[in-house]
Amino acid sequence: MAKASPLNQRRWANFKANRRGFISLCILAVVFGITLCAEFLANDRPIVVSYRGEVYAPVLFDYSETTFGGAFDTPANYRDPFVVDLIAADGWMLWPPIRFKHDTVNFDLAEPAPAPPSAANWLGTDDQARDVLARLIYGVRLSLLFGVVLAAVSSLIGIAAGAVQGYFGGWIDLTFQRIIEIWSGMPQLFILIIVSAVLAPGFWTLLGVLLLFSWTALVAVVRAEFLRVRNFDYVRAARALGVNDATIIVRHVLPNALVAALTYLPFILSGAIVALTSLDFLGLGLPPGTASLGELLRQGKENLQAPWLAFTGFAAIAVLLTLLVFVGEAVRDAFDPRKGIK
């Protein structure tokens, strides 16, 4: 296994020296790992079913009711007392800790929805009798995945645009700068609202709409770094030796620009989560019924008599953004050449 360079070792040491950022990264990694296994934590299907010596995995596959001795060739409802009795007679079921999926309706509430926290619903239910904790787990996973994909794609586009501007300069730089200035000056929120209202809602549709504006975040940083480095001696020597522009950009100049760009990534990720939450809160985001933090906040606004809805949504957003900001500060310290190891 190749040993890390002294520079990368110093950066990693500086990152770990920022205890707040390092701990925040560990917490984020644990939360993300947990939410990736959401189906095994919150589901209205058992994880494993043993019936007459056979082992089944309903959490991964669909089985008909006839598989367990029922009369109908339809997907088994494992919350149905009839199916439960059939399986219990000749086997057993291993359930997730939370016996509700994000869209499972609890028909056994003791009071009208939204119901307060109870032994069955640890964080209560929303106004459609769906478990809040299950929706929180699935909503956090969706927000993090959406933010990671949007931050990655927008960063690639922004870095590429900034690299072309800064390296070639001249009329290419001037033309792109005027376009970016005009594009950045447009009322982004109103355009997002209009486009989201016209297009059919969906994960990829919303991702494309937000990508229209998010890619500009890194252009200025990468452009400035390329403008600074493109006339260095080693770059000019590479040109004199006949190295093509693409090789010089990727191999010789881009690594310097990535140092500045990486410090912005946690903040771009937090901005993507805020954008998704805002659109969902306004009802212009993901399709109705999708578990999201914005939808949870909107339910809290519409059901002031159920404070657990607003508190859960606010706490989740606040914790996620706080952790990302702390990680961003630690990344900034790690790549700061003026900062020694503490």
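Just so we're clear, the structure is a prediction, and the values are computed from it rather than from any experiment.
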Side chains of [X] and [Y]: donor-acceptor distance under 3.5 Å anywhere?
{"X": "D333", "Y": "N14", "value": "no"}
{"X": "D131", "Y": "N106", "value": "no"}
{"X": "D280", "Y": "T277", "value": "no"}

Do you know which two heavy atoms are closest between [X] and [Y], and how far apart they sit?
{"X": "V59", "Y": "F40", "answer": "CG1-CE2, 3.7 Å"}
{"X": "V132", "Y": "L296", "answer": "CG1-CD1, 4.2 Å"}
{"X": "L297", "Y": "G313", "answer": "CD2-C, 3.5 Å"}
{"X": "S64", "Y": "T66", "answer": "OG-OG1, 2.7 Å"}
{"X": "L210", "Y": "L276", "answer": "CD1-N, 4.4 Å"}

Practice problem: Hey, can you tell me if W183 and F213 have their rings parallel, tilted or perpendicular (30° and 60° cut-offs)? | Solution: parallel
Quiz item: Would you call the rings of Y234 and F232 parallel, tilted or perpendicular, where under 30° means parallel and over 60° means perpendicular?
Solution: perpendicular
Write out all pairs satisfying ring pair (Phe, Tyr, Trp, His ring centres under 6.0 Å) with one or both partners inside [range], taking only residues at least two apart or from two chains.
{"range": "residues 121-145", "result": "H102-Y138"}
{"range": "residues 240-297", "result": "none"}
{"range": "residues 74-100", "result": "F68-Y78"}

Self-check item: Sequence neighbours excluded - salt bridge (charged side-chain N to carboxylate O under 4.0 Å, His left out) pairs with any residue from residues 175-187
Solution: R178-E181
Self-check item: Selection residues 285-297 - residue pairs positive for salt bridge (charged side-chain N to carboxylate O under 4.0 Å, His left out), sequence neighbours left out
Solution: R130-E295, R135-E295
Taking everything shown except [X] itself, do over 12 heavy atoms lie less than 6.0 Å from its [atom1]?
{"X": "R236", "atom1": "CZ", "answer": "no"}
{"X": "F314", "atom1": "CZ", "answer": "no"}
{"X": "F311", "atom1": "CZ", "answer": "no"}
{"X": "F176", "atom1": "CZ", "answer": "no"}

Quiz item: Do the two ring centres, one from F146 and one from F203, sit under 6.0 Å apart?
Solution: yes
Exercise. Answer with yes or no after comparing the ring centroid distance for F15 and W12 against a 6.0 Å cut-off, counting only values under it.
Key: yes
Quiz prompt | Intermediate values then yes/no, side-chain contact (heavy atoms from CB on, under 4.5 Å), V219 and Q165 | solution = CA-CA 9 Å; V219 173; Q165 283 185 244; 3.3 Å; yes
Are [X] and [Y] packed together at the side-chain level, in the sense that at least one heavy-atom pair is separated by less than 4.5 angstrom?
{"X": "P266", "Y": "L269", "answer": "no"}
{"X": "V149", "Y": "V153", "answer": "yes"}
{"X": "L123", "Y": "W308", "answer": "no"}

Self-check item: Lys NZ or Arg CZ of R20 over F326 ring: under 6.0 Å, within 45°
Solution: yes
Between [X] and [Y], does at least one N-O distance fall below 4.0 Å, as a salt bridge requires?
{"X": "K101", "Y": "D44", "value": "no"}
{"X": "E329", "Y": "R332", "value": "no"}
{"X": "R230", "Y": "E225", "value": "no"}

Exercise. Taking salt bridge (Lys or Arg N to Asp or Glu O under 4.0 Å) as the test, write out the residues that go with D62, two or more places apart.
Key: R45
